[in-house]
Colleague: 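To start, I am sharing the structure in question, which I have written as C-alpha cells.
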Amino acid sequence: MVESINVRALAAQVLAPLLRQHGSLSTHLPAHLAHCPERDRALLQQLCYGTMRELFRLEQLANHFLRKPFKQQDLDIHALLLIGLWQLRSSRIPAHATLNETVDACAALNKPWASKLLNAILRRYQREQKQAEEALAQDPAFQWNHPQWMISKLQHNWPEHWQSILQANDQQAPMTLRVNKRLLTREKALQKLQEADIPAAACQFSDDGIGLDSPCDVSALPGFAEGELSVQDEAAQLAAGLLAAENGQRVLDACAAPGGKLCHLLEQNTHLQDVIAVELEPERGQRIHDNLHRLGLQLGCEVLTADASSQDWWDGQLFDRILIDAPCSGTGVIRRHPDIKLLRRGEDIAALASVQLSILNNLWSMLQPGGRLVYATCSIFGQENERVIERFIKQHPDAIHQPIDAPWGEARPFGRQLFPQPDGHDGFYYAVLDKQVDDKLA
C-alpha cells in the first residue's frame with residue numbers, strides 16, 4: 001500500500017490485478033476503499049468503475065499513443081494511463097487536476113520514471129483527441145466497447161437486439177428498491193421517499209419495486225435500517241411471483257447468495273412450512289445471514305453451506321418449490337459489474353452451461369410431483385438459458401414447461417428473456433417447470 005494517499009494510485013492498484021486476470025472489482029476494491037480517506041471514497045469508486053466501463057475503448061486509445069506495451073510488472077502504470085484517459089474523456093474532473101494527480105501517482109507507485117511518459121501521452125490526447133478517435137471509429141472494440149467474442153455472440157444470439165444490449169451495458173445502472181410489504185405499502189414508501197427529497201417512481205413490472213431517479217447511499221433511505229426497503233433490481237424481483245409459493249409448502253432456494261430473492265419470498269409468504277437456502281461459498285452465505293437479520297427474517301430460513309449439484313446436504317424430504325438462481329456469465333448485469341467484459345471469456349459459456357444442467361438434474365429429483373421449479377440467470381446468452389432448459393426437458397419427460405405470460409421480456413421457445421433497459425431492469429432469464437404428478441409416463 002502506498003504511504004501517502006493518492007486516489008489515482010489506489011485506483012491503479014485496484015485495476016492492475018484485473019488486467020492480469022486476477023480477481024474482480026468486488027474482490028479488490030473494498031480493501032482499497034478501507035485505506036482511502038472517507039472524503040475520497042466516492043472518487044475512488046468512480047475512477048475504478050468508470051475506467052472499467054469504458055475499458056475496451058480506452059485500451060484502443062492507449063495502444064494508439066504507446067510505442068510499445070508496458071511490461072507485466074508495470075501494468076499498474078498501464079492502469080494509471082487508462083484512468084487518466086477516462087478522466088479526460090468522460091469525467092467532469094478538470095483537466096489540470098487529472099494531469100497533475102495522475103502524473104503524481106507514478107511517484108506514489110514508486111515508479112517516477114513513468115511520470116514523463118504519462119504526462120506526454122495525456123497531453124497529446126488532449127491535443128489530438130478528435131483525430132485519434134476518428135482513426136479508431138471503425139474498429140469494433142472502440143465502436144462497441146466490448147470484446148470481439150461477446151460482440152459476435154450477441155450478433156448471433158440477438159440479431160435484432162445486439163446493438164441496444166451493447167449500448168445499455170455501457171450505461172450506469174439505475175438504483176431500484178424492493179418494498180417490504182409486511183411493513184408498509186409501496187404507496188407509503190413512495191410518500192416517505194418524497195418527504196426525504198428522494199425522487200422515485202413505482203416500477204413498471206414488479207408490484208413491490210421502486211426506481212430512484214438517482215442512486216443514493218442506503219443510509220439516506222427512510223426505513224432501510226428498519227427493513228422497510230431493500231436494494232434489488234426489478235428483474236430479480238420477478239422471481240417470487242413466478243415461484244408462486246403457498247402457505248404450508250417446503251421451499252428450496254439454491255445458489256441463494258446474496259439472498260435478495262430469498263428475502264422477497266419470505267416477505268411475501270408468512271406461513272411457509274420450511275425454507276432452506278443453499279450457497280456454496282461461506283463468505284457469500286454470510287451475506288444471506290446479514291440480509292435475513294436486517295429484515296428480521298432469520299427465523300424463517302435455514303442457510304446451508306453446500307453444493308447445489310450434490311445431495312450430501314439433503315435430508316431426503318421433497319420440496320414443493322425450488323428456485324435455481326444458477327451460476328452464470330453475468331452478461332445481463334455488465335452495467336453493474338463492468339469488469340465482466342474483461343474477465344469473462346467466450347469459452348466460459350459452455351462450461352457454465354454444463355454446471356447449470358448438472359444443478360438442474362440434481363435438484364429435479366428433490367422436487368415433489370406437482371411441484372414447481374423456477375430456473376433463473378442474469379445472462380443474456382441462450383446457451384445458458386433456453387438451450388439448457390431444452391436439453392433438460394428432453395432428458396426428463398416428467399418436466400412440463402410452463403410458458404410465462406407476462407408484459408416483460410421476450411417470449412422464447414423455452415422461458416422468457418429480459419434485456420437490460422437504460423432506465424429499467426437488468427438483463428435476466430426465467431423458465432418455469434412443473435413436475436408431472438403421475439410418474440407413470442405413457
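In what follows, every heavy atom counts, from backbone to side chain, and hydrogens, waters and symmetry copies are set aside.
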Colleague: Just so I know, are the side chains of P215 and Q172 near enough to count as touching, which here means a heavy-atom distance under 4.5 Å?
Modeller: yes

Colleague: So P422 and Q167, do their side chains get closer than 4.5 Å, heavy atoms only?
Modeller: no

Colleague: Just checking, is any N or O donor in the side chain of E54 or S90 under 3.5 Å from an acceptor N or O on the other one?
Modeller: yes

Colleague: Once you measure the plane-to-plane angle for H425 and F205, does it fall in the parallel (<30°), tilted (30-60°) or perpendicular (>60°) bin?
Modeller: tilted

Colleague: Give the C-alpha distance, both sets of side-chain angles, the deciding distance and a yes or no for side chain to side chain donor-acceptor pair (under 3.5 Å) between H264 and N180.
Modeller: CA-CA 8 Å; H264 193 197; N180 183 354; over 6 Å; no

Colleague: What I'd like to find out is whether the side chain of W314 reaches to under 4.5 Å of the side chain of I276, using heavy atoms alone.
Modeller: no

Colleague: Which residue, R182, R178, K181, forms the salt bridge (charged side-chain N to carboxylate O under 4.0 Å, His left out) with D208?
Modeller: K181

Colleague: Given N362 and Q311, is the side chain to side chain donor-acceptor pair (under 3.5 Å) satisfied, shown in steps?
Modeller: CA-CA 7 Å; N362 182 56; Q311 296 198 2; 3.1 Å; yes

Colleague: Give a yes or no answer on whether the side chain of R335 reaches the backbone of D170 with a donor-acceptor pair at less than 3.5 Å.
Modeller: no

Colleague: Cut-off 3.5 Å, side chains only: do E59 and H64 have a donor facing an acceptor?
Modeller: no

Colleague: Check the angle between the aromatic planes of W313 and F319 and answer parallel, tilted or perpendicular using the 30° and 60° thresholds.
Modeller: tilted

Colleague: Find out whether the Lys NZ or Arg CZ of R391 is both under 6.0 angstrom from the six-membered ring centre of F414 and within 45° of the ring's axis.
Modeller: no

Colleague: Please, which pairs that meet ring-ring contact (aromatic ring centres under 6.0 Å, His included) have at least one residue in residues 162-183, sequence neighbours excluded?
Modeller: W144-W162

Colleague: Taking the six-membered ring of F56 as reference, does the NZ or CZ atom of K341 fall below 6.0 Å from its centre and within a 45° cone about the axis?
Modeller: no

Colleague: Has K435 got a side-chain atom pairing as donor or acceptor with G370's backbone, closer than 3.5 angstrom?
Modeller: no

Colleague: Do other residues, nucleotides or ligands put more than 12 heavy atoms under 6.0 Å from the CD atom of Q21?
Modeller: yes

Colleague: Tell me whether Q395 at atom CD has more than 12 heavy atoms from other residues, nucleotides or ligands lying less than 6.0 Å away.
Modeller: yes

Colleague: With salt bridge (charged side-chain N to carboxylate O under 4.0 Å, His left out) as the criterion, how do K261 and D253 come out once you've worked through the C-alpha distance, each side chain's angles and the decisive distance to 0.1 Å?
Modeller: CA-CA 8 Å; K261 300 178 189 68; D253 184 355; over 6 Å; no

Colleague: Going by the side chain to side chain contact (heavy atoms under 4.5 Å, CB included) test, name the single residue among L373, L323, D320, L363 that passes it with L252.
Modeller: L363

Colleague: Quick check: does any side chain N or O of Q356 sit under 3.5 Å from a backbone N or O of P327, one acting as donor and the other as acceptor?
Modeller: yes

Colleague: Compute both the distance and the angle, then confirm whether R416 meets the cation-pi test with Y430: under 6.0 Å from the six-membered ring centre, within 45 degrees of the axis.
Modeller: no

Colleague: Is there a donor in the side chain of T176 and an acceptor in the side chain of Q232, or the other way round, less than 3.5 Å apart?
Modeller: no

